[in-house]
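Down below is the structure, laid out as C-alpha cells.
These values consider heavy atoms only, across backbone and side chains, with no hydrogens, waters or symmetry-generated copies.
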Amino acid sequence: MRIFSGIQPTGRKHLGNYIGAIRQYVHLQDEGDPAIYCVVDLHATTIAYEPAELRRQLYDTTAILLASGLDPARCILFRQSDIPQHTELTWMLAATATAHGDLNRMTQFKEKSAVQRELVSAGLFFYPVLMAADILAYGTDLVPVGDDQRQHLELAREIASKFNSRFSDTFIVPEGRIPDVGARIMDLQNPDKKMSTTASTEAGTIFVLDEPKAIEKKIKSAVTDSGSEVRRGEGKAGISNLIEILAVVKGVSMERIETEFADSRYGDFKTAVAQAVVEYLAPVQAKYAELRDDEAELEAILADGAAKASAIAAPIVAAARDKMGLGRPVA
Ligand code: TYM
C-alpha cells in the first residue's frame with residue numbers, strides 16, 4: 001500500500017496538525033510501501049510570504065516531522081519544489097481533468113481568498129490541483145489527513161477518475177484516512193472554529209513548540225460553558241474539544257475520559273489536560289532542539305528523499321504525458 005501526505009511549511013505547526021496528521025504519518029510509516037511525506041513549499045507560495053522566512057520554516061517543519069518520529073530509513077521525506085513533476089502534472093490535470101466549477105466550490109479557497117489583503121492569486125485557486133498532482137504522481141493508495149482536507153481529497157479522486165476515463169487507466173484513485181478521534185481540533189478560544197495557522201487566535205492555538213507555561217496558560221483559559229459537567233454535548237464545544245485532545249494524548253476513548261472526570265470541576269480537568277499535553281509534546285520539543293540547527297543534515301535528508309521520490313514520480317508522470325499525446329512518443 002502506497003501512502004502519501006503533505007504538510008505546509010507555513011506558520012508554526014500546531015496541536016491540530018500534530019494530532020490530526022503528523023501522529024498518523026508516524027504510525028503509518030511502516031505500513032507504507034513506501035510511506036511518502038512531502039513538505040509542500042509550492043503550496044505555501046499561494047499566499048503572501050517572504051522567501052527567507054519560507055526557507056526557515058521549511059527547516060522548522062522538517063525538523064518537527066523528524067522529531068515527531070519520522071525516520072528517513074523507514075519513509076521518504078522530501079521537499080515538494082525539488083521534484084518538477086509536481087508542477088508539470090498540475091498543469092496536465094488542470095487542463096484536461098479539472099472542472100473550473102469544482103475549484104470554485106472549494107471552501108478553503110473561499111475562506112483564504114476572503115482574508116487575502118493584496119493579491120488573490122490564481123495559484124491559490126489552483127491549490128487543490130497541485131495537491132491532486134502531489135498525490136497522483138506517486139500512485140498513492142492512502143492519504144492520511146485531517147478533516148479539513150476532505151473536500152480537496154474528494155476532488156483529487158474526481159480528477160483521477162476523469163483523467164482515467166478520458167485517457168485510459170493511468171492513476172490510482174486514492175482513499176483518504178481521516179482519524180476517528182482528533183481529525184478536527186478546535187481553537188481553544190473559539191471552539192466553533194478549527195485550530196489553524198491562519199484563521200485562529202494565538203491564545204486559542206497550541207503550537208508544537210510552545211513552552212510548558214504557555215501551554216498551561218492557553219488550556220487553563222480555554223473557553224468552556226456555564227455548566228459544570230465534563231462530558232460532550234450540545235453547547236459544550238469547548239469541553240468536548242478538551243475531552244478529545246485528552247483522549248488522543250492519553251491514547252484512551254473519549255468515554256473513558258468522561259467517566260474518569262465525572263466528578264471533577266472544569267478547573268481540575270483543565271489542569272489534567274494541560275499536564276498531559278505538556279508531557280505529550282516534551283519529547284518532540286527536546287528532539288527538535290537537537291535537530292533543528294543542523295541545516296546541512298536536514299538538507300542531506302531531503303536530498304536523499306528527493307532522489308527516492310523522483311524515481312517513483314518520474315515514470316508515472318511520463319506515462320500520463322504520453323497518454324495525453326505530449327512529447328516524443330514512448331516506444
Ligand atoms: P496543512 O499544512 O494545512 O495541514 C497539515 C495537516 O494537518 C491537518 N490539520 C488538522 N487536523 C486536525 N485538526 C486541525 N485543527 C487541523 N488543522 C490542520 C490537515 O488536515 C493536514 O492533514 N493541503 C494540505 C497539504 C497538502 C497535502 C497534499 C495533504 C498538500 N499536498 C497531498 C495530503 C496530500 C494542507 O493544507 O496541509
Side-chain angles (χ1 to χ4, degrees), residues 1-8 21 24-25 28 31-46 75-103 105-106 108-109 123-146 148-178 305-327 330:
M1 180 179 54
R2 187 139 319 146
I3 294 171
F4 183 97
S5 198
I7 185 163
Q8 293 198 69
Q24 294 201 76
Y25 305 166
L28 286 170
E31 283 174 43
D33 183 22
I36 308 167
Y37 301 117
C38 178
V39 186
V40 295
D41 54 351
L42 293 167
H43 277 105
T45 63
T46 57
C75 69
I76 297 176
L77 176 61
F78 75 104
R79 168 172 47 208
Q80 187 184 35
S81 62
D82 285 339
I83 307 293
Q85 277 80 6
H86 292 245
T87 40
E88 181 184 3
L89 185 57
T90 298
W91 181 257
M92 290 156 61
L93 298 175
T96 64
T98 310
H100 180 270
D102 283 345
L103 290 181
R105 287 190 298 103
M106 294 291 118
Q108 286 214 343
F109 173 73
L124 188 61
F125 190 65
F126 260 44
Y127 180 112
V129 193
L130 178 58
M131 178 163 160
D134 296 342
I135 297 168
L136 302 184
Y138 293 87
T140 304
D141 300 295
L142 194 73
V143 186
V145 281
D148 64 343
Q149 295 304 309
R150 208 181 275 276
Q151 196 186 30
H152 287 161
L153 203 60
E154 208 37 61
L155 181 67
R157 289 167 52 84
E158 177 70 28
I159 291 174
S161 303
K162 273 208 179 80
F163 191 99
N164 287 348
S165 55
R166 178 161 174 195
F167 299 108
S168 85
D169 267 1
T170 309
F171 295 115
I172 291 174
V173 180
E175 299 288 332
R177 189 178 191 274
I178 297 172
K308 293 177 181 153
S310 175
I312 299 173
I316 293 177
V317 176
R321 193 192 297 134
D322 189 53
K323 289 195 186 185
M324 283 174 62
L326 300 171
V330 175

(message) Within the 4.5 Å heavy-atom criterion, are Phe125 and Met106 side-chain neighbours or not?
(response) no
(message) Show the nearest heavy-atom pair for residues Ala306 and Asp82, with the distance to one decimal.
(response) CB-CB, 4.0 Å
(request) Give, for atom NZ of Lys308 and atom CG of Leu77, the distance between the pair rounded to the nearest 0.5 Å. (result) 10.0 Å
(message) Checking the side chain of Arg177 only, and the main-chain atoms of Val143 only, is there a donor and an acceptor separated by less than 3.5 Å?
(response) no
(request) Heavy atoms only: give me the nearest Ile83-Ala313 pair and the separation to one decimal. (result) CG2-CB, 4.4 Å
(request) Identify the two heavy atoms, one from Gly305 and one from Phe78, that lie closest to each other, and give their separation to 0.1 Å. (result) C-CB, 3.6 Å
(request) Quick one: pull up OG1 in Thr46 and CZ in Phe109 and give me the separation to the nearest 0.5 Å. (result) 10.0 Å
(message) If I take atom CH2 from residue Trp91 and atom OG1 from residue Thr96, how far apart are they, to the nearest 0.5 angstrom?
(response) 10.5 Å
(request) Could you label the plane-to-plane angle of the Phe4 and Tyr138 rings as parallel, tilted or perpendicular, counting under 30° as parallel and over 60° as perpendicular? (result) parallel
(message) Among residues at least two apart in sequence or on other chains, which ones pass side chain to side chain contact (heavy atoms under 4.5 Å, CB included) with Glu154?
(response) Arg157
Would you list the atom pairs, donor with acceptor, under 3.5 Å between side chains in residues 127-137 and any protein atom, with sequence neighbours excluded?
{"from": "Tyr127", "atom 1": "OH", "to": "Gln8", "atom 2": "NE2", "distance (Å)": "3.0"}
{"from": "Asp134", "atom 1": "OD1", "to": "Gln80", "atom 2": "NE2", "distance (Å)": "2.9"}
{"from": "Asp134", "atom 1": "OD1", "to": "His86", "atom 2": "ND1", "distance (Å)": "2.7"}
{"from": "Asp134", "atom 1": "OD2", "to": "Gln80", "atom 2": "NE2", "distance (Å)": "3.2"}

(request) Please report the shortest heavy-atom distance between Val173 and Ser161, naming the atom on each side. (result) CG2-OG, 3.8 Å
(request) Output yes when a side-chain donor or acceptor of Lys162 lies under 3.5 Å from a complementary backbone atom of Leu93, and no otherwise. (result) no
(request) Spell out, as yes or no, whether a donor-acceptor pair under 3.5 Å connects the side chain of Thr170 to the backbone of Ser168. (result) yes
(message) Any side-chain to backbone donor/acceptor pair from Glu158 onto Ala99? Under 3.5 Å, distance only.
(response) no
(request) Check step by step if side chain to side chain contact (heavy atoms under 4.5 Å, CB included) holds for Met92 and Leu326. (result) CA-CA 10 Å; Met92 290 156 61; Leu326 300 171; 4.3 Å; yes
(request) Can you measure from CZ (Phe163) to CG (Leu89) and round to the nearest 0.5 angstrom? (result) 7.5 Å
(message) Within this structure, what is the CG-CZ distance for the pair Asp141 and Arg2, rounded to the nearest 0.5 Å?
(response) 7.5 Å
(request) Please examine the side chains of Phe171 and Thr140, heavy atoms only from C-beta on, and report whether any two atoms are closer than 4.5 Å. (result) no
(request) Answer whether the closest heavy-atom distance between the side chains of Ser5 and Leu28 falls below 4.5 Å. (result) no
(message) Would you compute the distance between atom CZ of Arg321 and atom NZ of Lys323 and round it to the nearest 0.5 angstrom?
(response) 14.0 Å
(message) Strictly distance-based, threshold 3.5 Å: is any side-chain N or O of Thr45 a donor or acceptor partner for the main-chain N or O of Leu42?
(response) yes
(message) Please find the pair of heavy atoms, one from Leu142 and one from Gly176, that lie closest to each other, and give the distance.
(response) CD1-O, 4.1 Å
